[in-house]
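Being a predicted model, the structure only gives us computed values, none of them experimental.
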Amino acid sequence: MSRRSGSSRRDKDKPPPPKGPGSVIKSLPRTVLQFMDTSDGHIRMNFSTCNMKALPDEVYENEELAAKTKYLDAQNNRLRRLPKGIGRLESLRSLDFTNNTVRAIPGSVSRLKYLTSIEASTNQIKSLPKTIHKASALTTVNASGNKLKTLPKNIGSSSSITYIDASSNSIKTLPKSIYKLHSSVNVSNNQLRTLPAVIAKGTCSINVIDASKNLIHTLPEGLDKLQRLVSLNLSHNQLDCIPPTIGTLRYLEFLDLSHNQLDFLPDDICNLRHCLVTLHAGHNRLTQLPDQFHNLRKINVLDFTENKLTSLPGKFGKTDSVVTLDLSHNQLSSLERLTGMGKLVTLIASHNVLTSLPEGVGTLVSLRVLDVAHNEIKEMPAKIGGLRHLKNVDVSHNKLETLPDTLGDDQLLSRLNASHNALVALPTNMRKLRTLDSLDVSRNKLEALPEPFHFLRSLSFLDVSDNKLPVLTAPRSLTGLKVAGNPLRLPTRVAGDNKSLIVRIGDDLRSLTELDISNI
C-alpha cells in the first residue's frame, strides 16, 4: 500500500470539523449543543440570560448550523458586539439580543432574505445599518432604549417593514422618507422638536405615528398629504396650536393631543366626522370646543380632563356615538347639554363647579358609571333612579343632604360613594340597594342607619366613619368596615358579659378582614 493511499484513508476517516468548510452540527462541542433547541422542528439557538460576553464562533462558522438556524435569542447577556458573521445565518428569521450592551448592528443583516424581526431594545446602539431597508423580509425593528440620534436616510425605501419602535432614544431629527413606510412608527420619548416636512414625492403610506413625549412645538407643512394615517399620538409635547389641515386626514381614527399647551381646537377637526373614534385632549388650556363638534358621528371616546372649559357647545348632546366622556377638572357649571347622549356608558365630570344634575340625565339610558365628585351639587334628580344600567355612582365631596328615594328602583347598583356631603339620612327602603358591594357614606351627618340595612347581603365594604351614629347595624357579609369617629355605645350588657366593642363586632361580623374603630 502506498503512503499516499494511507494518508487519503486517514483523511476520509477523520470526523468533520465543528467550524469552517464541511462543518456539521454533530461535530459541535457540548458547550454549544446545550443551547440548541429543535423541539418544534426548527433550530433555535437560545443563549438567553447566560451571562455571555460574546456568541460562540460556531454559531456562524459551522456551515450546517448557519444554514439551518431560524431563531437566535441572546437577550439578557453582556454582549458588546454582534459579529459580521451573523450575515451567514442564511435561514434566520428572528434575531433577539434585547438587554445587552451592543453598540452596533452589523450591516450584514441586510443580506438575510428571510429575517423578519430584529429585537434590539435596551442596548447602546448609536445608529441602525444604513442598508437596513434592503432586508427584503424584515417587518419588525425594535430598537427602543438605545442611543439613536436619527433613523437611516433611506429607511422609507423598505417594502416590508411594518413596525419600528425607536422610542426612548436621543433622536433629534427624522428622515423625510419615514412617511413612505407602510408601517407604524414609535418615536416617543426622544428629543424631537418638530417632525420632518411632508414632501409629496410618491405616496405617503405611513399608518401610525407615535411622537409623544418629545419637545415638538409645531407640526410640519404638508400634514394633509398623510392620507393613510390612522393613528397620531402627539401627547406630552409643547404644541400651542393644531393646523386646520388636521381635518383632511380622512382615515384618522385615533388622535391624542393631551398634555400640550393648546388654547383651542381648530374647527376643521369636525371634518373628521366619518373616521375619528378616539380624541384625547386633556391637560391643555382649552376654554371652549368647536360649535360643530356634534358632526363627529363616529366618536366613541372623548377626554377633556384638566382644561378650562366653562360650557359645552349647544348641540353637544347630538354627539350621540360617545361611549366614554371625561370632563373632569374643568370649570363647568352645567351638564344640561349632555341630554340625549343615549350611548354614553361612562361620564366623569368630577372637580367642576356643578350645583345640580340636569333632569335630562334620564336620557343617558346606557350610563353605567357616573362620577360627579368634588362639585357643589345640592340635590340629585329623581330620574337618576331610571337609569337601568347604572352600576357605579360617585357623588362624594358635594353638598347633598339627601339621596333620591328612586335610587335602586330599577337598578343593580354595585358601588355608591356619597362621602363628604351633608347627608342627614339614607333612603328608607335600603332593600332596593341590595346589590351594593361597596358603600361609602363617611363624613356626613347621619344619626341612624335605616332599619332594613342588614338586608344588604351583597355588601362587602362599608364606610360610615365620621358621622353621628350611636348604634351600628351591619350585614354579616362585610369584609371591610370603617366606623371611626362615631359616638358608638355598647348595648346593655348581660350579667357576666365583659366583651369589648371590638370583640362584639367580631362575633357578629365573622368575615371581617379590615376594621377601623379609631376615635370612638
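Crowding of Y251 atom OH: a count of heavy atoms from other residues, nucleotides or ligands under 6.0 Å not exceeding 12. Q124 CD: more than 12 foreign heavy atoms inside a 6.0 Å radius. Counted within 6.0 Å of CD on E401, heavy atoms from surrounding residues, nucleotides or ligands total 12 or fewer; the atom is thus considered open. No more than 12 heavy atoms of other residues, nucleotides or ligands lie within 6.0 Å of NZ in K482, so this atom counts as exposed by the packing criterion. Sparse packing is recorded around CD of E379, with 12 or fewer heavy atoms of other residues, nucleotides or ligands lying under 6.0 Å away. In the displayed structure, Q261 atom CD is contacted under 6.0 Å by more than 12 heavy atoms of other residues, nucleotides or ligands.
At distances below 3.5 Å, at least one donor-acceptor pair connects side-chain atoms of N307 with backbone N or O atoms of A281. With S321 contributing its side chain and I299 its backbone, the two residues share a donor-acceptor pair below 3.5 Å. With N99 contributing its side chain and Q75 its backbone, the two residues share no donor-acceptor pair below 3.5 Å. Within the 3.5 Å criterion, the main-chain N or O of G385 finds no donor-acceptor partner in the side chain of R388. Judged by distance alone, the side chain of S167 and the main-chain N or O of N186 form no donor-acceptor pair under 3.5 Å. Without hydrogens or angle criteria, T346 side chain to T324 main chain gives no donor-acceptor distance under 3.5 Å. Judged by distance alone, with hydrogens and angles left aside, the side-chain atoms of N154 form no donor-acceptor pair with the main-chain N or O of H133 at under 3.5 Å. Between the side chain of N392 and the main chain of D394, no donor-acceptor pair closer than 3.5 Å is present. The main-chain N or O of P290 is never found under 3.5 Å from a side-chain atom of D267 such that the two would form a donor-acceptor pair. Proximity of a side-chain donor or acceptor of T305 to a complementary backbone N or O of S328 within less than 3.5 Å is detected.
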List, one per line, each side-chain donor-acceptor pair under 3.5 Å for residues 415-424, sequence neighbours excluded.
unit_1: N417; atom_1: OD1; unit_2: S419; atom_2: N; d: 3.1
unit_1: N417; atom_1: OD1; unit_2: S419; atom_2: OG; d: 2.8
unit_1: N421; atom_1: OD1; unit_2: N398; atom_2: N; d: 3.2
unit_1: N421; atom_1: OD1; unit_2: K399; atom_2: N; d: 3.2
unit_1: N421; atom_1: OD1; unit_2: L400; atom_2: N; d: 3.0
unit_1: N421; atom_1: ND2; unit_2: V395; atom_2: O; d: 3.0
unit_1: N421; atom_1: ND2; unit_2: A418; atom_2: O; d: 3.0
unit_1: N421; atom_1: ND2; unit_2: S419; atom_2: O; d: 3.0

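With values rounded to the nearest 0.5 angstrom, L289 atom CG is found 8.5 Å from L327 atom CG. Rounding to the nearest 0.5 Å gives a distance of 9.5 Å between NZ of K180 and OG of S205. Note that CG of L312 and OG of S334 are 8.0 Å apart. Values are rounded to the nearest 0.5 Å. Remark: M341 CE to T319 OG1 distance equals 5.5 Å, nearest 0.5 Å. Residue L387 holds its CG atom at 12.5 Å from CZ of R368, rounded to the nearest 0.5 Å. Here the CG atom belonging to L338 is positioned 12.5 Å from the CG atom belonging to D320, to the nearest 0.5 angstrom.
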* Intermediate values then yes/no, side-chain contact (heavy atoms from CB on, under 4.5 Å), L255 and I269 -> CA-CA 10 Å; L255 179 59; I269 202 170; 3.9 Å; yes
* Run the side-chain contact (heavy atoms from CB on, under 4.5 Å) check on K149 and K126 step by step: do they pass? -> CA-CA 7 Å; K149 293 184 178 180; K126 294 184 178 180; over 6 Å; no
* Is there a side-chain contact (heavy atoms from CB on, under 4.5 Å) between V301 and V277 once you walk through the steps? -> CA-CA 7 Å; V301 178; V277 174; 5.9 Å; no
* To do: Mind running side-chain contact (heavy atoms from CB on, under 4.5 Å) on D326 and H280 for me, showing each step along the way?
  => CA-CA 9 Å; D326 191 344; H280 293 287; over 6 Å; no
* Asked: What do the steps show when you test S442 against D466 for side-chain hydrogen bond (donor to acceptor under 3.5 Å, both in side chains), and what is the final call?
  -> CA-CA 6 Å; S442 60; D466 294 299; over 6 Å; no
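Across G342 and S366, no two heavy atoms sit closer than the pair O-OG, 2.6 Å. Minimum heavy-atom separation, N352 to N375: C-OD1, 2.9 Å. Contact detail for K225 and I199: the closest heavy-atom pair is CD-C, 4.5 Å. Listed here is the closest heavy atom pair of N169 and N190: C-OD1, 2.9 Å. Between L148 and A166, the closest heavy-atom pair is CD1-CB, 4.3 Å. Taking every heavy atom of both residues into account, A120 and N123 meet most closely at O-ND2, 3.1 Å.
At a threshold of 4.5 Å between non-hydrogen side-chain atoms, the residues L469 and V483 do not count as touching. Counting heavy atoms from C-beta outward, T287 and T310 have side chains that stay 4.5 Å or more apart. Proximity of V198 to C204: side-chain heavy atoms (C-beta onward) are separated by under 4.5 Å at one or more points. For the pair S177/I155, a side-chain contact is recorded, criterion being any heavy-atom separation below 4.5 Å from C-beta on. N429 places none of its side-chain heavy atoms less than 4.5 Å from the side chain of D405. The shortest side-chain heavy-atom distance between S158 and I132 does not fall under the 4.5 Å cut-off. Counting heavy atoms from C-beta outward, L357 and L370 have side chains that approach closer than 4.5 Å. R457 has its side chain out of reach of R434: every pair of non-hydrogen atoms, C-beta onward, lies at least 4.5 Å apart.
With sequence neighbours excluded, the residues that form a salt bridge (Lys or Arg N to Asp or Glu O under 4.0 Å) with R285 are D263. In this structure D268 satisfies the side chain to side chain contact (heavy atoms under 4.5 Å, CB included) test together with P244, P266, N271, sequence neighbours excluded.
Side-chain atoms of D437 and S460 include a donor-acceptor pair closer than 3.5 Å. Defined by atom type and a distance below 3.5 Å, a donor-acceptor pair is present between the side-chain atoms of N142 and S144.
Here F304 and F293 bring their ring centres to under 6.0 angstrom of each other.
At least one cation-pi condition fails for R337 and F316: the charged atom is not both under 6.0 angstrom from the six-membered ring centre and inside a 45 degree cone around its axis.
The aromatic rings of H374 and H351 sit parallel to each other, their planes meeting at less than 30°, with 60° as the upper class boundary.
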